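To start, the structure under review is shown below, and the notes come after it.
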Amino acid sequence: MIRLVLLLAAALIFAASGVEKAQAHPHVFVTVKSEIVYDAEGKVTGIRHAWTFDDMFSAYATQGLDQKQQGVFTREELAPLAEVNVTSMKEFGFFTEGKLNGAKIAFADPVDYWLDYTDQMLTLHFTLPLKAPVKVRDMNFDIYDPVYFVSFALAEKEPVTQSGAPANCRLTVARPDDGGAQAKTLGESFFNQPDPKNPFGSQFANKISVRCP
Amino acid sequence: MPVTQSPQRAPLLRIAVLLALAAILLAAADQALAQSAPFGVPRPQAPAAAPEGIVGWLLAKQAEFYRALSGAIRAAKADGSAVWGLLGLSFLYGIFHAAGPGHGKAVISSYVVANEETWRRGVALSFASAFLQALVAVVLVGVAAVLLGATARGMGEAVRYIEIVSYALITLLGARLLWTKGRAAVATFYGLQAEHDEFQHAVAHAHAHSHAPAHHHGHDHAHHDHDHHHDAHCGHSHGPEPKDLAGPGGWQRGLAAIVAVGLRPCSGAILVLVFALAQGIFWAGIAATFLMGLGTAITVATIAVIAVGAQGWARRLASSQPGTGTLAMRGLEVAAALFVFLFGLALLTGYMVNERMFPA
């Protein structure tokens with residue numbers, strides 16, 4: 001009997017905390033376009049992101065900002081907001097995480113960042129430079145928020161591109177709903193098997209990999 | 001019977017209570033994790049878990065409704081009659097949203113259990129706190145954005161101050177409950193121990209009676225005596241009754257819980273309000289926010305009623321064992337009070353740790 005009561009107490013507590021553990025749905029929706037940038041020697045120098053925010057968040061973020069013309073925000077008017085965005089994202093590793101030739105990718109602070117306002121939507125442009133350019137054998141990175149507060153979705157067309165990549169570097173992109181095995185392949189699809197060394201961890205992650213055999 | 005069993009059950013009881021406390025601590029510690037706000041919207045407190053089953057479905061549904069809200073606001077701007085669609089969507093979003101994240105239902109349910117409130121009061125508390133939550137969102141955006149022209153950064157800061165006050169209130173509420181309920185439980189425990197010898201005697205007496213030919217009558221009579229005796233000592237001499245502890249005070253007493261829970265506006269509501277404002281139909285955002293509140297109230301009230309029902313069931317079970325049963329019920333109240341306290345503390349510290357959250 002006592003056990004029943006205590007079981008009930010425990011169940012109640014677990015019910016309360018268990019439901020509490022369920023995370024919120026995303027409140028910010030980002031459409032991702034990214035470019036992997038190489039230098040003249042074919043070494044990767046960084047990732048250039050262009051992230052477009054949903055209309056609701058864009059309205060929230062631009063609320064109360066000074067503007068000369070109603071409904072229009074210039075790059076200059078949005079500069080302070082862009083500054084805040086990139087500096088604050090540092091805490092979250094710029095939602096970009098991965099491995100390059102087996103080692104964790106170390107990014108320096110973002111450069112060339114600005115915000116663009118088109119069709120009532122903000123797009124944040126920024127480049128994440130590697131600490132030093134690296135010749136790629138294999139590189140894998142994800143764009144996602146582990147807490148799933150920000151939902152990252154790859155753009156429908158050409159979400160990830162390469163700029164100045166050596167001819168042998170192949171790009172593979174997997175969307176979260178694809179699962180690992182059906183990784184969508186851009187360009188030639190010779191690498192289409194899931195990599196056992198890089199399991200598809202989060203179901204929300206956008207997986208991007210480059211192989212330069 | 002109850003008395004001969006209680007010595008064996010006592011260690012088990014203690015172990016179970018310890019386990020329950022450990023579970024609460026773990027749950028509370030979890031809350032302290034990852035609480036931050038990229039892009040200036042307060043982030044949920046919970047770490048990501050792979051959503052599956054019912055929870056996954058709830059999340060998928062609320063995400064779907066949430067995503068549809070911006071389209072519904074745009075539609076309402078283009079065509080006034082589309083506002084009904086927006087309101088329906090907001091209501092559904094509220095129902096599903098409250099089932100997912102948010103501290104409201106956990107605190108309200110625990111408060112109701114700790115205080116042995118009736119289901120009516122549980123429902124009233126749920127509706128009042130949800131209404132206050134909607135009102136705070138509307139007033140915040142109304143004053144900050146409409147009147148003062150505040151930026152997202154400014155509103156984010158305002159929300160964070162409100163958060164601190166809200167979490168501090170939850171902690172204080174928990175501390176107060178813990179003090180009252182803890183004392184009651186301790187009193188019951190010592191009352192029970194002092195009672196033990198006389199208790200044995202009473203049961204022995206009952207046992208003797210049961211050997212008499214008039215079996216039924218004698219047995220019942222003995223038990224009646226025993227119950228009365230027990231109540232007199234445990235209930236009045238050694239500690240106050242739960243009813244007395246809950247005491248009078250009505251709305252004044254409930255007000256602390258309502259304010260503690262309802263003070264922090266929901267991020268979704270703020271986004272909807274600001275978006276509606278940007279679309280030039282702030283009124284539609286206000287209506288949507290109150291409909292969300294109504295949906296939230298229904299879910300939270302349902303959970304509170306379930307909690308009250310479960311407690312009632314436990315009380316009936318406990319009444320078959322007057323001594324340890326009463327103690328177990330007190331333990332349940334203390335556990336619920338402790339949960340409110342630790343929950344508030346976790347929210348508070350989780351917030352403090354991540355104070356460098358950046359605004360949009």
Side-chain angles (χ1 to χ4, degrees), chain A residues 1-30 53-66 71 80-81 84-85 87-92 95 120 122 124 144-151 202-204, chain B residues 9 12-13 16-17 19-20 23-24 27 30-31 34 36 38-41 43-44 46-51 55 59 62-63 66 70 99-101 103 106 109-110 113 145 149-152 154 267-268 271 274-275 278 307 310 314 317-318 320-321 324-325 328-329 331-332 335 339 358-360:
Chain A
M1 204 292 303
I2 295 297
R3 259 177 294 185
L4 264 177
V5 174
L6 285 164
L7 207 68
L8 192 80
L12 198 77
I13 290 151
F14 274 117
S17 61
V19 176
E20 212 55 37
K21 257 186 182 173
Q23 75 277 42
H25 59 81
H27 281 77
V28 182
F29 297 82
V30 173
F53 297 100
D54 63 290
D55 53 0
M56 203 127 94
F57 176 74
S58 296
Y60 176 75
T62 53
Q63 156 62 35
L65 292 183
D66 289 334
L81 184 58
V84 170
N85 277 344
T87 40
S88 56
M89 266 196 300
K90 189 173 184 176
E91 192 187 338
F92 304 94
F95 302 107
Q120 301 187 8
L122 286 170
L124 178 65
Y144 80 110
D145 178 7
V147 185
Y148 201 41
F149 175 77
V150 185
S151 164
S202 167
Q203 58 177 313
F204 301 121
Chain B
R9 294 259 171 125
L12 197 82
L13 181 87
V17 167
L19 282 176
I24 299 164
D30 244 356
Q31 298 301 318
S36 206
F39 311 122
V41 191
R43 221 152 79 128
V55 174
L59 287 172
Q62 55 167 306
Y66 182 77
S70 80
H103 51 274
S109 298
S110 306
V113 167
T151 58
S267 313
L271 281 163
V274 173
F275 186 62
L317 281 176
S320 66
Q321 262 186 332
T324 34
M329 287 310 293
L332 185 66
F339 182 71
F358 45 92

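Order of the sequence lines fixes the chain letters, A, B, ..., with proteins taken first and strands second; residue numbering starts at 1 for each chain. On a predicted model such as this, the values are computed, not experimentally measured, just so you know.
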Any idea which heavy atoms bring B:Y66 and A:H27 closest together, and the distance? OH-O, 3.8 Å
Looking only at heavy atoms, the pair that brings B:F275 and A:A59 closest together is CD1-CB, 3.5 Å
When the 4.5 angstrom heavy-atom criterion is applied to B:A278 and chain A, the contacting part is side chain
List in chain and number order the residues that pass side-chain contact (heavy atoms from CB on, under 4.5 Å) with B:A145, two or more places apart in sequence or in another chain; answer none if no residue qualifies. A:Q63, B:V141, B:M155, B:L277
Applying side-chain hydrogen bond (donor to acceptor under 3.5 Å, both in side chains), name anything that partners A:S151, two or more places apart in sequence or on another chain. none
One option among A:T62, A:L65, A:D55 has the most heavy-atom pairs under 4.5 Å with chain B, and it is A:D55
